[in-house]
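For reference, the structure discussed in these notes is given below.
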Amino acid sequence: MTPDRSAGLAESARALAAGEVTSRTLTEQALARIESTQGSLNAFRVVRREAALAEADAADKQLAAGVRKPLLGVPVAVKDDMDVAGEPTAFGCRGEFPPAPEDGEAVRRLRAAGAVVVGKTNTCEFGQWPFTEGPAFGATRNPWNSLHTPGGSSGGSAAAVAAGLVPAALGSDGAGSVRIPASWTHLVGVKPQRGRISTWPRGESFHGITVNGTLTRTVADAALLLDAASGSHAGDLHRPPALTLTEAVGRDLGRLRIALSLKPPFTALPARLRPDVRTRVLELADKLVQLGHTVVEDDPPYGRIGLGFLPRATAGIAERVREAPHPGLLDRRTLEAARLGRLLGGAPLRAARRAEAVLHDRIGAFFGMYDVVLAPTTAAPPPLVGALHDLSGPATDRAMVAACPYAWPWNVLGWPGVSIPAGFVADGLPVGAQLLGPSNSEPLLLSLAAQVEAELRWHERWPEPAVANSPAAQAGRARTL
């Protein structure tokens with residue numbers, strides 16, 4: 001094997017176990033790719049060069065001794081809202097942050113599976129927006145078109161995987177923050193069941209709407225990373241039953257009943273599905289029919305589900321602002337959201353939490369008629385870098401809802417969703433579609449995604465390699481250790 005950016009997670013793990021390549025080599029190559037693209041893509045906030053090489057050398061010793069672990073020696077990245085021992089967790093904010101005393105549970109589990117954590121990827125401030133830019137680090141750019149954002153808030157992880165800097169990365173999803181950048185960078189993005197991947201040292205994140213998820217090029221790699229990162233900490237508030245998701249890939253599905261949902265869920269602001277995105281989603285629906293499934297246009301009974309989102313999101317922002325070491329450096333929109341969160345953090349928040357059971361019953365009954373919902377991941381392709389960054393709070397909200405009205409209801413429900421590539425629109429911009437299911441339905445969703453992938457083979461299409469220090473690049477540089 002001659003390792004390059006096309007080697008995925010499973011292939012890298014296989015080659016390492018077979019002795020065809022060393023972890024030192026894979027890690028050095030990943031670090032070189034990161035360094036050469038930091039001036040153009042700007043995917044990383046922290047690059048752990050020396051620490052990662054030391055971890056790679058330790059992995060090679062284990063491999064030579066016959067030790068076998070699922071990801072032993074494979075370089076991966078994590079989003080900068082996850083604690084990595086000895087590194088700051090700035091979560092997109094300006095200022096100096098203390099090093100985390102220990103790994104968060106998801107990172108601990110990755111390490112236990114043998115992975116080498118090469119760095120922490122960029123995210124917008126507290127993960128609030130579907131773009132990845134800000135004064136703390138500059139702008140992260142889309143490998144498919146550097147004038148456009150990769151999305152957010154897990155945009156750094158998405159850019160890193162889409163460009164082949166690393167084979168896989170963890171992100172987090174509170175309103176689509178894994179699925180949106182996955183759709184805008186031609187990746188598989190999995191928002192698992194709430195609690196599937198621990199958010200510890202928080203028992204839950206943003207009052208249960210935010211979960212940790214995965215960004216990969218293939219479904220098999222997504223399943224492998226999910227299996228490695230999944231599991232509960234004793235302090236977690238949500239502990240779904242254990243699943244082995246690698247077993248789902250390639251499973252015979254039979255004939256599924258699929259609801260095609262094109263209508264945006266309840267929003268207080270206008271949202272409209274762009275015709276070119278609609279066309280790509282309809283083409284994917286046609287492919288599902290060709291695969292033998294029944295597809296019927298129908299929408300889940302969302303009702304006023306948005307009332308269950310806003311108190312949880314803004315109260316979560318208020319908590320993060322209270323904890324911030326440099327609140328005076330935060331974006332004015334963050335401070336506005338925190339003020340609203342303090343108002344909604346009492347009775348409205350409690351009512352929003354109570355409403356979830358009603359939503360589970362009502363939308364769960366919809367899954368008595370259908371196995372899966374197919375919906376657009378976003379209503380539009382990725383916007384230009386900077387298009388949303390300097391807007392006012394209300395204008396940002398309007399722009400977010402217009403572009404991304406489809407993902408957030410599944411965060412309120414806490415159920416799994418998978419964004420898969422749906423093709424490209426003008427200017428070579430990727431768009432995606434979501435496969436959405438009821439509680440603990442990751443095996444079904446990944447099986448269906450793998451079936452579509454076998455037909456469309458989206459992982460074989462790559463963006464042009466990023467050019468270091470291109471004219472479109474931001475000046476931001478990762479802190480290299």
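The structure displayed is predicted, hence computed values, not measured ones.
Judged purely by atom type and a 3.5 angstrom limit, T132 uses its side chain to pair as donor or acceptor with the backbone of G151. In this structure, the side chain of R194 engages the main chain of V412 through a donor-acceptor pair within 3.5 Å. Of the possible donor and acceptor atoms, none in the side chain of N440 sits under 3.5 Å from a partner among the backbone N and O of P240. At least one donor-acceptor pair closer than 3.5 Å links the side chain of D221 to the backbone N or O of L9.
Applying the side chain to side chain donor-acceptor pair (under 3.5 Å) criterion to E28, with sequence neighbours excluded, gives R24. T244 pairs by the side chain to side chain donor-acceptor pair (under 3.5 Å) definition with nothing, not counting sequence neighbours. Under the rule for a side chain to side chain donor-acceptor pair (under 3.5 Å), S232 has no partner lying at least two apart in sequence or in another chain.
Comment: E102 does not engage R108 in a salt bridge, judged by the lack of any side-chain N to carboxylate O separation of less than 4.0 angstrom. Look at E87 and K120 and you find no salt bridge, because none of the NZ, NE, NH1 or NH2 atoms lies under 4.0 Å from a carboxylate O.
Note: F366 and Y370 have tilted aromatic rings, judged against thresholds of 30 and 60 degrees for the angle between ring planes.
Aromatic ring centres of W462 and H186: separated by at least 6.0 Å.
E283 CD: more than 12 foreign heavy atoms inside a 6.0 Å radius. In this structure, R353 places its CZ atom where more than 12 heavy-atom neighbours from other residues, nucleotides or ligands lie under 6.0 Å away.
Here the side chains of L215 and T185 are not in contact, with every heavy-atom distance at 4.5 Å or above. A heavy-atom distance below 4.5 Å is found between the side chains of E356 and R312.
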